[in-house]
Amino acid sequence: MTDMEFKKTDLLLLLIVSLGILLFDMGLFKNLGYYLANDDWLEHMSYHRFFRQSVLNDGQFPLWCPYFGGGYPIFSYPSFPALNPLILITLLFGEVIALKLDILLAGLICAIGTYCLARYALKCSRIAAAFATGLVVFSNWLPLRVLEGNFTEFWFFLFPLLLYLFVRSREDYRYRIAAAVYFSFALMSASISYAVFVFFLVMLTTVNIIFDGRRLNAGKEIRNLFLIVGLSLVYGMVKILPMLELLSINSRASGPYPLGSFSFEGFGYILYSVYGRIGLLQALLCIAALIFIRRDTLKWLSIFIVCVFIAATYNSPVDLSALLSHLPVFRSIQQGGWEKYFDFFLLLLPALLCGRALTFFSERIKAKRLRYIFVGIMFIFGPVLLFSRNVGLQQEVFAEPLPRIEKAANLYHVKGVGMPRDELRTPLSLGYFNLLRGVGTIDFYTELPIGEYAACRYFVDTKNNVYENRAYRGEVYCLDKANSAQIDFIKPNTIGLKLNIKKPGKVVINQNYSRYWQCDGVRIENHQGLLALDVKDTGAYLLRLSYRPVSFYIGLFITCIAFLLTLVCSLKKRSYRRR
């Protein structure tokens, strides 16, 4: 197979696969306005809800969230999707429908990326590329992530397109820029996944140099890798700098790496999961590929073996994850998380090898009728069987209608009693439902809690009973009883106060203190972890506070300059090539 140009046949095959994905994901939209009662799922719904509410209702791009933790630098949170291009869907349709559409789009993008990768990188025939694509998109990988609520992991389904762009970038600088831009969006939305992607690209570059070193320029390969990763980091500075600042407060360290001993059952389970994902016939096809076409598949096999060893952790004969755990970002992977972050590669790589093997064997069957029968059997026991086996996984997932929520008159905070923050809690203590009613949740679901000094108005116990907090003094109060204050408005990045000051003193706002809050002509202080204003002027007047994080604006400046320079250089290069 020498013709790698994209033609109408490719579009037709991708269209057929896309129609299959639409049918595969119809269960997501069976009850369009229903949600999945899962703590992780509700966490991401709250982020999307808050972003939509901030932009459409408050007219602000959210940097601070007054509803979470008594005030939280929400833009800095690694999983907050403000810079994810798919957030536009949330603005249009709301968080419940948008997250379902995101899953559908992930499948479609994965289909395009896997098909192009199989065609270009492994030189698969068109029908074999469609075969490999079907093995990936109709597997149980993404449906199980939906059931578990691991929404950020859906970025792995977007990885094949990045890998395709990276492979093409070795020859064409336009793909290099596209890969860096696409890569930067992964950085802005899923930081640990980004680090795993970088590691995979490092492995691919290494095996390219090892296996194709004679005809490749090793220096050029390494420069290409560093350029793409470096550009993506510069493009992502608007997210990186605020995120690093948040991580300096809470590093999300997972603690000492858990030690263990080799377990054949644990190691074998990882390999068995590959068979479970793609089926017995496809597993045999992979083995046949390794036997008969080693030259074309050996480097992909070597990467697969490394991923198996990392996913198995200390259950493998050599624990490679113990080495990675010493690196930044990787040290944040929790116990049991290594399989989760390398599991997708244990699906993608065998699927690509199956596509290459199908190309090899079908080309050696001279009789067209026998070739069609062979390919048909492979499809029936491959993508078609996976489709029929896994299509039901998403049929009854979204079974909960959104409850009718009565809006609170003013913002106040609640706090759960006897309930961990990382579980499905009672309705009145759950961050997402509280956000719908305009109420803050002190102990909201996050992996990066910071100092939570704001006082709650009510406590909520495990039976959903509500108890008043006697120490609560209001959302704003004056330390001198001669003065009075009340909230005029609270928006993501601004707070308005109505003051009646008879004598100079302090006004305390029931929001966590941050040095980035500013108020013209008034000094802002830290009062026992809360925002406090040292007011001097007497009389009745209004004050406005603004949240202006320096790290965000510096990062935004670097990102904008980087994109501008890239655009200018691209235009100059295109003009030079035309001459």
Side-chain angles (χ1 to χ4, degrees), residues 40 43-44 77-79 81 84 103 106 110 113-114 136 139-163 166 182-183 185-204 206 229 232 236 243 247 251-258 260 266-267 269-274 276-277 300 302-316 318-351 422 447-448:
D40 287 335
E43 175 196 8
H44 291 286
Y77 191 67
S79 299
N84 185 338
I103 294 169
C110 182
T114 305
V136 176
S139 72
N140 62 7
W141 193 90
L142 190 58
L144 290 180
R145 292 319 184 266
V146 174
L147 286 171
E148 295 169 359
N150 294 321
F151 190 78
T152 53
E153 292 174 37
F154 100 102
W155 272 101
F156 281 90
F157 241 49
L158 308 184
F159 177 72
L161 181 57
L162 168 65
L163 190 54
F166 177 77
Y182 186 79
F183 206 8
F185 289 131
L187 169 63
M188 295 174 187
S189 304
S191 56
I192 292 182
S193 300
Y194 174 86
V196 175
F197 294 166
V198 171
F199 181 73
F200 190 98
L201 298 184
V202 170
M203 286 195 293
L204 181 59
T206 303
V229 174
S232 68
M243 191 165 56
L247 292 173
S251 63
R252 195 189 182 272
S254 62
Y257 181 82
F267 186 68
Y269 173 77
I270 298 295
L271 291 173
Y272 180 78
S273 67
V274 178
R277 292 268 162 78
W300 300 98
S302 61
I303 297 175
F304 172 77
I305 291 174
V306 172
C307 291
V308 168
F309 274 70
I310 295 175
T313 62
Y314 51 72
N315 290 312
S316 65
V318 179
D319 187 0
L320 298 179
S321 59
L323 300 175
L324 281 179
S325 66
H326 296 290
L327 299 176
V329 182
F330 287 100
R331 67 168 62 102
S332 297
I333 297 180
Q334 305 291 330
Q335 182 176 356
W338 290 96
E339 178 186 351
K340 178 172 69 174
Y341 287 109
F342 285 84
D343 188 44
F344 178 72
F345 305 133
L346 306 186
L347 165 67
L348 176 64
L349 294 173
D422 58 341
E447 294 179 345
L448 294 173

Asker: Looking at residues at least two apart in the chain, or sitting in another chain, which of them share a side-chain hydrogen bond (donor to acceptor under 3.5 Å, both in side chains) with Ser139?
Answerer: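 Residues passing side-chain hydrogen bond (donor to acceptor under 3.5 Å, both in side chains) with Ser139: none at all.
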Asker: Please confirm whether the backbone N or O of Glu447 pairs with a side-chain atom of Tyr77, one donor and one acceptor, at under 3.5 Å?
Answerer: yes
Asker: With rounding to the nearest 0.5 Å, note down the distance linking CZ in Phe156 to CG in Leu347.
Answerer: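 One gets 12.0 Å once the value is rounded to the nearest 0.5 Å.
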Asker: Show the nearest heavy-atom pair for residues His44 and Ser79, with the distance to one decimal.
Answerer: CE1-CB, 4.2 Å
Asker: Against Phe159, only a single residue in Phe199, Phe344, Phe342, Phe197 fulfils ring-ring contact (aromatic ring centres under 6.0 Å, His included); can you say which?
Answerer: Phe197
Asker: Does any non-hydrogen side-chain atom of Val196 lie less than 4.5 Å from one of Phe330?
Answerer: yes
Asker: Can you tell me how far CD1 of Ile303 sits from OG1 of Thr206, rounded to the nearest 0.5 angstrom?
Answerer: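 Here the interatomic distance stands at 8.5 Å.
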Asker: For the residue pair Phe185 and Leu158, establish whether any side-chain heavy-atom pair is separated by less than 4.5 Å.
Answerer: no
Asker: Who pairs with Asp343 by side-chain hydrogen bond (donor to acceptor under 3.5 Å, both in side chains), at least two apart in sequence or on another chain?
Answerer: Trp141, Arg145, Arg277
Asker: Just by distance, with hydrogens left out, do Tyr314 and Ser321 show a side-chain donor and acceptor under 3.5 Å apart?
Answerer: no
Asker: Could you report the tightest heavy-atom contact between Met188 and Gly236, atom names first, then the distance?
Answerer: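 In terms of heavy atoms, the two residues are closest at CE-CA, 3.6 Å.
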Asker: Shortest non-hydrogen contact from Phe157 to Ala106?
Answerer: CD2-O, 3.6 Å
Asker: Run the numbers on Val229 and Val202 for side-chain contact (heavy atoms from CB on, under 4.5 Å), then give the verdict.
Answerer: CA-CA 10 Å; Val229 174; Val202 170; over 6 Å; no
Asker: Could you tell me whether the side chain of Ser325 reaches within less than 4.5 Å of the side chain of Trp338, counting heavy atoms only?
Answerer: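 In contact.
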Asker: State, with a plain yes or no, whether a side-chain heavy atom of Leu349 is found less than 4.5 Å away from one of Phe200.
Answerer: yes
Asker: Does the gap between the ring centers of Phe183 and Tyr194 come in under 6.0 Å?
Answerer: yes
Asker: Kindly indicate whether the side chain of Val306, heavy atoms from C-beta on, has any atom under 4.5 Å from the side chain of Met203.
Answerer: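 Contact flag for Val306/Met203 side chains = yes.
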Asker: Would you check if Thr313 and Leu320 make a side-chain contact, meaning some heavy-atom pair closer than 4.5 Å?
Answerer: no
Asker: Mind checking whether Glu153 and Ser193 have side chains closer than 4.5 Å, heavy atoms only?
Answerer: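 Sidechains of Ser193 and Glu153: no contact.
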Asker: Could you check if a side-chain atom of Ile310 sits within less than 4.5 angstrom of a side-chain atom of Tyr341, using non-hydrogen atoms only?
Answerer: no
Asker: Tell me whether Thr114 contacts the main-chain N or O of Cys110 through its side chain, where contact means a donor paired with an acceptor under 3.5 Å.
Answerer: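 Such a contact is found between Thr114 side chain and Cys110 backbone.
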